[in-house]
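I have placed the structure first, in the form of structure tokens, so that the comments after it can refer back to it.
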Amino acid sequence: MFPAFLLFFSLPFASAVPATRDHVHNINHPLPATSWYLPRDHPANDLFKRAPGDGVNYAPVGSPTWSSGFPQSTPDPNKLPAEWVNALNAAVAAGKIPNVPQSTNTPGVNPVYPQGVNPNGPEVCSATYKCRHPEDIWDAPPNYFGTGFDDGPLPDTPKLLQFLQQNHETATHFMIGVNILAYPQQFSATFESGGDIAAHTWTHPYMTTLNNLEVLGQLGWTSALIKNSTGGRIPRFWRPPYGDSDNRVRAIAKEIFGLETILWNQDTRDWSLLTGGTTQATIHNSMQQWLSGPKTPGLIVLEHESSDQSVQAFMDAYPLIKSNGWNAMSVAQLAGNGTTYRNAKDSMSSVTPAGILVDDDIVPSGTPSSSSSSSSLVPSSAPPSRSTVMQTLGQSQTPTGSGNSLAATNTPTESAALCNTDTTWSRTLLLACLTVTVLSAWP
Ligand SMILES: [Zn+2]
């Protein structure tokens, strides 16, 4: 959820207050300068593949170069990168994007679909109507409290970060694109403190009310800005504003950008603290009830870093999380079995679970590359499949997550897939890669 006035508050800042050099932040822990690898298991990887110098020369966060080229407000669906549009068209043609009609929205009321369309039916499965698609994440594993905050970065973000650091906690921050542009300092503080960065769209609309190109812009620009602001990390998770998603929106997020959807199973309504929609006492009572209740399923509570009051509500509830014996953990880490970006383990570590990253797009000069620079979604020479490499190493692939509940005890098996052997240059690193993989699996 998001109070409308905060959005209006933040938007003018995005356009009226250009980032200045007073607030620029060099990215202190980018992905490895020599290479990073994005597993070739998803078309999104080609949309964000490395260009020469990528991972080395990102513009400082907050600088004019960093913000140039990004929309200052609602993205224009006619000014999207051609690669994104081509990917969408290909996915539609392949039947991967369900033809669900757009909903319409009256402020303060849930979006509605045209007459005769069942929002809870299998064709639509609207999260607003609490239809739980099996690939969406609504629950944490038993005994776990999935920590996450929406709508940042904002002026009260540092207060939250300080509290999390004092308590040695990490959270997932579902961030709004225009807020990242408006508050680069707060963004960098979040990333540098090790917070997991996830997407919360560019301007926080009801996503099911948008057409396909508008959905594309909301998600694409957010992922691109997060990538450019985190040394190349591509977000793996997103949360729809107001929890408003359906099969069409979900498919665009997943098929085009590789974004997996995280929702929640309890709502504090803390976004309405400033307008009298709830009180600290009400939130505290709710938290007390949820945290003293059954631990199956685990909790994912909707909370915001949008005001001093909402941050304070979490701080006041935090002792209850501990005293009731919950394991608090960043919800993206729970959902991703510890891997919170598509191409990196987390914000602090520059490597995925493999230990070594190999990018088959970037090779030393003079070394033939097997991968062309075209924007084709299917590389002409695909690297060995993940399962092939898994078999080579005698491992089996474990799907991440199971149904709409998280499986915290899943064995991480991403590592072996990263030992890519597609290029001559890559092969020279294979032995090191396998060695590190084995060592990293050592107890
Ligand atoms: Zn929100």
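All ligand and atom numbering here is 1-based and tracks the order in the structure.
Sorted by first and then second residue, the side chain to side chain donor-acceptor pair (under 3.5 Å) pairs with a member in residues 287-301 read Gln266-Trp290; sequence neighbours excluded.
Among the atoms of His304, no N, O or S atom falls under 2.8 Å of the Zn ion (ligand 1).
When the ring pair (Phe, Tyr, Trp, His ring centres under 6.0 Å) test is applied to Tyr129, no partner is found at least two apart in sequence or on another chain.
When all heavy atoms of Leu88 and Ile256 are compared, the pair lying nearest together is CA-CD1, 3.7 Å.
Between Asp196 and Arg236 there is no salt bridge, since no side-chain N of the basic residue sits under 4.0 Å from a carboxylate O of the acidic one.
The Zn ion (ligand 1) lies closest to atom OD1 when only the N/O/S atoms of Asp151 are considered.
Annotation: angle subtended at the Zn ion (ligand 1) by His204 NE2 and His200 NE2 is 100°, to 10°.
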